[in-house]
Amino acid sequence: MLVDADLFRQLRARAAVRGDGGLPDLLAALRLVSGPPFAQRPAGYEWLDGLDLTLTAAVCDVAHQVVATALADGDLAAAATASATALLVAPDDEQVLIDAMWVAFHQGHRAEAETYVGRIVAVHDGEDEMDLPMSTAETINRARRQFLDRAS
C-alpha cells in the first residue's frame, strides 16, 4: 500500500534526479500535504512520534526549494502555494516565515510581509529585531531594501 508520505518521498527523490526539471514533482509532492503530518491519527499511534517531525522537515525543505526556484523564475503562484503549504505544517518555523515574507514582498503585499517579520521576531522570543540572529536580520533588511527600491 502506498501512502501519501511514501509518495511524497518518491516525488522528492524523482525531483532530485531530474534536477532543474524536477519542480513539477516537488509541486505534486506539496499538493499531497493538507496539514501537519499525522495530525489526524487516532490514539495509540505514538510510535509515529519522530516520523511526524521528519516529514514536517521534509515538507518545509521541499517548500523552501520550490519558493526559491519559483521566485527566481517569477512564478509567484507556485511560490505562494509552496509557502502556504509550509505554513500549514510549521507555522512557527523561521525559514518558513522567511519564505512567506519573501513571497509577500514579491507579491507587493508589504503589510503582510511585515506581519511575517513580526512573527519571526516572536519566534526568537524577542521584543524587537535586535534580538534576531545576524543572518536573519540581514535577510529581512535585504528584502526590505530590495522592495523599498522597487516601490520608489
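At a threshold of 4.5 Å between non-hydrogen side-chain atoms, the residues F147 and H106 count as touching. Residues L87 and Y116 are in side-chain contact: their nearest non-hydrogen atoms beyond the backbone lie under 4.5 Å apart. At least one side-chain heavy atom of E94 sits under 4.5 Å from a side-chain heavy atom of H124. Residues P91 and V96 form no side-chain contact, since every pair of their non-hydrogen atoms from C-beta on lies 4.5 Å or further apart.
Closest approach of A79 to L71, counting heavy atoms only: CB-CD2, 3.7 Å.
In this structure, Q107 CD and W102 CH2 are separated by 14.0 Å, a value rounded to the nearest 0.5 Å. The structure places CD1 of I120 at 7.5 Å from CG of L132, a figure rounded to the nearest 0.5 Å. L97 contributes atom CG, which lies 10.5 Å from atom OG1 of T136 (distance to the nearest 0.5 angstrom). Here OG of S135 is found 9.5 Å from CD1 of I140. Values are rounded to the nearest 0.5 Å. The structure places CD of E112 at 10.5 Å from CZ of F105, a figure rounded to the nearest 0.5 Å.
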Which donor-acceptor pairs under 3.5 Å do the side chains of residues 16-35 make with protein atoms, sequence neighbours left out?
| from | atom 1 | to | atom 2 | distance (Å) |
| --- | --- | --- | --- | --- |
| R18 | NH1 | D25 | OD2 | 3.0 |
| D25 | OD1 | R14 | NE | 3.2 |
| D25 | OD1 | R14 | NH2 | 2.7 |
| D25 | OD2 | R14 | NE | 3.1 |

Report all side-chain donor-acceptor pairs from residues 55-66 shorter than 3.5 Å, counting only partners two or more places apart or in another chain.
| from | atom 1 | to | atom 2 | distance (Å) |
| --- | --- | --- | --- | --- |
| T56 | OG1 | D52 | O | 2.8 |
| H64 | ND1 | Q95 | NE2 | 3.2 |
| H64 | ND1 | D99 | OD1 | 3.0 |
| H64 | ND1 | D99 | OD2 | 2.9 |

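Between the side chain of T85 and the main chain of T81, a donor-acceptor pair closer than 3.5 Å is present.
Here R110 pairs with E114 under the salt bridge (charged side-chain N to carboxylate O under 4.0 Å, His left out) rule; sequence neighbours left out.
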I'd like to know whether N141 forms a side chain to side chain contact (heavy atoms under 4.5 Å, CB included) with E138, so could you lay out the CA-CA distance, the side-chain angles of the two residues, the decisive distance to 0.1 Å, and finally the verdict. CA-CA 5 Å; N141 289 328; E138 288 172 354; 5.8 Å; no
